[in-house]
Number of protein chains: 2
Amino acid sequence: MTKIKETSTNFENKKLLEDECLEVYASGIIGGQWTLAICCYLINGKLRFGELKKCMPTITERMLTLQLRKLEKNKIITRTVYAEVPPRVEYELTAIGYQLGTIIGELEDWGRKHKELMKP
Amino acid sequence: MTKIKETSTNFENKKLLEDECLEVYASGIIGGQWTLAICCYLINGKLRFGELKKCMPTITERMLTLQLRKLEKNKIITRTVYAEVPPRVEYELTAIGYQLGTIIGELEDWGRKHKELMKP
DNA sequence: TATGATACTATCAAAAAGGTAAGTAATGAC
DNA sequence: GTCATTACTTACCTTTTTGATAGTATCATA
């Protein structure tokens, strides 16, 4: 998750697919390794950087930052900085972010069924 | 998409997240670059390898094979080989595969809204 | 005998994603 | 003056995913 090379075949392919396939487009936005997890925690209300980190003890600060930036850029969350020391920054889902709730619920149900199916 | 290193931190992190978060688990299964697209085409009925390829002209045969194998391993699709020459292989969604229909629909709706929102 | 169709495999290289570790800025508490 | 706190940033490295290209098997047809 650094800069992407806008000349790669990979980049072209992604763009083409997302252009003609809204579900691929959507999954590209919420599809990062930690993205959905972050949204899950935020769906219960805003959280600070450090609180999110505590929710996901294995994420590195770098990754958390990158994911949050990406989510912010995609208008899934808002970022509010309070001019205090030490700094306080709060993250909250936007309207369209909260609308992921349904999808998250569906994924959860489907995931449960699927996991059950794969058990034996 | 070849063999994974089961000792990497990355692998550990994924496993942990998927263990405690069913939506992350689910998104891991349908989250590949071409996975959802394949499912979308299959949702209208079974297709042959070559037909899928025609649906997605930019996918390489290697990638298509890899994705189909992964989907098969995860019991999202079935693979039927007919003993003919030249060979004929058909892919079809399983029951749990077809149940992705709801999620795909939701993703589509959300994607449309989101795309609209990002326009200006 | 050569060609074509189909559904793959096998290598190798490139790109993207993720991890490690160290450093920064501001300020209040000690 | 040193330390702790918080939310990062930076540089570098490893792992994972994806792409490019060429090759395989089988038989029917030309």
Side-chain angles (χ1 to χ4, degrees), chain A residues 1-17 24 27-38 46-72 77 79-91, chain B residues 1-18 24 27-29 31-35 37-38 46-70 72 77 79-91:
Chain A
M1 266 213 66
T2 34
K3 47 198 115 165
I4 43 172
K5 202 166 184 179
E6 307 209 348
T7 53
S8 69
T9 311
N10 193 214
F11 177 76
E12 268 307 308
N13 281 345
K14 268 186 191 159
K15 235 183 46 174
L16 286 173
L17 260 184
V24 175
S27 110
I29 287 173
I30 59 169
Q33 158 121 40
W34 304 93
T35 315
L36 259 185
I38 293 174
K46 56 181 145 188
L47 289 174
R48 296 178 59 176
F49 185 89
E51 292 173 326
L52 277 168
K53 178 116 211 286
K54 258 171 231 151
C55 292
M56 300 173 284
T58 56
I59 198 175
T60 61
E61 304 197 336
R62 183 182 119 84
M63 268 300 122
L64 184 50
T65 306
L66 284 174
Q67 300 290 347
L68 288 170
R69 289 288 182 281
K70 182 184 157 201
L71 284 169
E72 193 192 357
I77 61 173
R79 176 167 180 270
T80 314
V81 185
Y82 296 89
E84 303 173 0
V85 169
R88 179 159 66 99
V89 182
E90 287 184 344
Y91 294 94
Chain B
M1 270 214 60
T2 32
K3 48 197 113 162
I4 43 173
K5 201 165 185 178
E6 307 209 347
T7 53
S8 69
T9 311
N10 193 214
F11 177 77
E12 267 307 308
N13 281 346
K14 268 186 190 157
K15 235 183 46 175
L16 286 173
L17 261 184
E18 294 185 355
V24 176
S27 110
I29 287 174
Q33 158 121 42
W34 304 93
T35 316
I38 293 173
K46 56 181 142 187
L47 289 173
R48 297 178 58 176
F49 185 88
E51 292 173 326
L52 277 168
K53 178 112 210 289
K54 260 171 229 150
C55 293
M56 300 173 287
T58 55
I59 199 175
T60 60
E61 303 197 336
R62 183 181 119 80
M63 267 302 120
L64 184 49
T65 305
L66 284 174
Q67 300 291 346
L68 289 170
R69 290 289 182 280
K70 182 185 158 201
E72 193 193 356
I77 60 173
R79 177 168 181 268
T80 315
V81 186
Y82 296 88
E84 304 172 0
V85 170
R88 180 159 65 100
V89 182
E90 286 183 344
Y91 294 94

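Computed from a predicted model, the values in this text were never measured in an experiment. Here is the naming used below: chain letters follow the sequence lines, and residue numbers restart at 1 for every chain.
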Exercise. Give the rounded distance in Å between these two atoms: CD of B:Glu84 and P of C:dC8.
Key: 13 Å
Quiz prompt | Pair A:Thr58-A:Trp34, side-chain contact (heavy atoms from CB on, under 4.5 Å): steps then yes or no | solution = CA-CA 10 Å; A:Thr58 56; A:Trp34 304 93; 3.5 Å; yes
Practice problem: Just call it for A:Ser8: base, sugar-phosphate, or nothing, with non-hydrogen atoms closer than 4.0 Å on any strand. | Solution: sugar-phosphate
Quiz prompt | Phosphate-side-chain proximity, A:Gln67 and C:dA17, N/O vs OP1/OP2 below 4.0 Å | solution = no
Quiz item: What is the per-nucleotide protein-contact pattern of nucleotides 1-10 of chain D, from the 5' end, where B denotes a base atom under 4.0 Å from a protein heavy atom, S denotes such proximity for sugar-phosphate atoms only, and - denotes neither?
Solution: ----BBSBBB
Practice problem: Test side-chain contact (heavy atoms from CB on, under 4.5 Å) on B:Leu47 and B:Tyr91 and set out the steps. | Solution: CA-CA 5 Å; B:Leu47 289 173; B:Tyr91 294 94; 5.8 Å; no
Quiz prompt | Distance-only donor-acceptor check, side chains A:Thr35 and A:Gln67, under 3.5 Å | solution = yes
Quiz item: Taking the side chain of A:Met63 as heavy atoms from C-beta outward, which of C:dG18, D:dT15, D:dG19 is closest to it?
Solution: C:dG18
Exercise. Mind running side-chain contact (heavy atoms from CB on, under 4.5 Å) on B:Ile38 and B:Leu64 for me, showing each step along the way?
Key: CA-CA 9 Å; B:Ile38 293 173; B:Leu64 184 49; 3.9 Å; yes
Quiz item: What is the distance from OH of B:Tyr82 to P of C:dA5, rounded to the nearest Å?
Solution: 23 Å
Quiz item: Judged by atom type as modelled, is there a donor-acceptor pair below 3.5 Å linking the side chain of A:Glu72 to the main-chain atoms of A:Arg69?
Solution: no
Exercise. Would you confirm whether B:Glu12, through its side chain, and B:Thr9, through its main-chain N or O, come within 3.5 Å as a donor-acceptor pair?
Key: no
Quiz item: Roughly how many Å is it from CD1 in B:Ile59 to P in D:dG19, rounded to a whole number?
Solution: 8 Å
Quiz item: So what does B:Gln33 touch, heavy atoms closer than 4.0 Å: a base, only the sugar-phosphate, or nothing?
Solution: sugar-phosphate
Self-check item: Minimum-distance nucleotide to B:Lys14 side chain [options: D:dA20, D:dT17, C:dA16]
Solution: D:dT17
Quiz item: Does NZ or CZ of B:Arg88 fall inside the cone over B:Tyr82's six-membered ring, less than 6.0 Å from its centre and within 45° of the axis?
Solution: yes
Practice problem: Round to the nearest Å and state the distance from B:Leu52 atom CG to C:dA7 atom P. | Solution: 10 Å
Practice problem: Would you please confirm or rule out a distance under 4.0 Å between OP1 or OP2 of D:dG19 and any side-chain N or O of A:Asn10? | Solution: yes
Exercise. Could you pick out which residue, A:Thr58 or A:Thr9, lies toward the 5' side of DNA chain C when each is mapped onto its nearest nucleotide?
Key: A:Thr9
Quiz item: Over how many whole Å does the gap from B:Lys53 atom NZ to C:dC8 atom P extend?
Solution: 13 Å
Quiz item: Atom NZ of A:Lys70 to atom P of C:dA16: distance rounded to whole Å?
Solution: 14 Å
Quiz item: For A:Lys5 and C:dA17, what is the distance between atoms NZ and C1' respectively, to the nearest whole Å?
Solution: 16 Å
Quiz item: Mapping A:Gly32 and A:Thr7 onto DNA chain C by nearest heavy atom, which one lands closer to the 5' end?
Solution: A:Thr7
Quiz item: Nearest-Å distance, CD (B:Glu72) to C1' (C:dC8)?
Solution: 13 Å
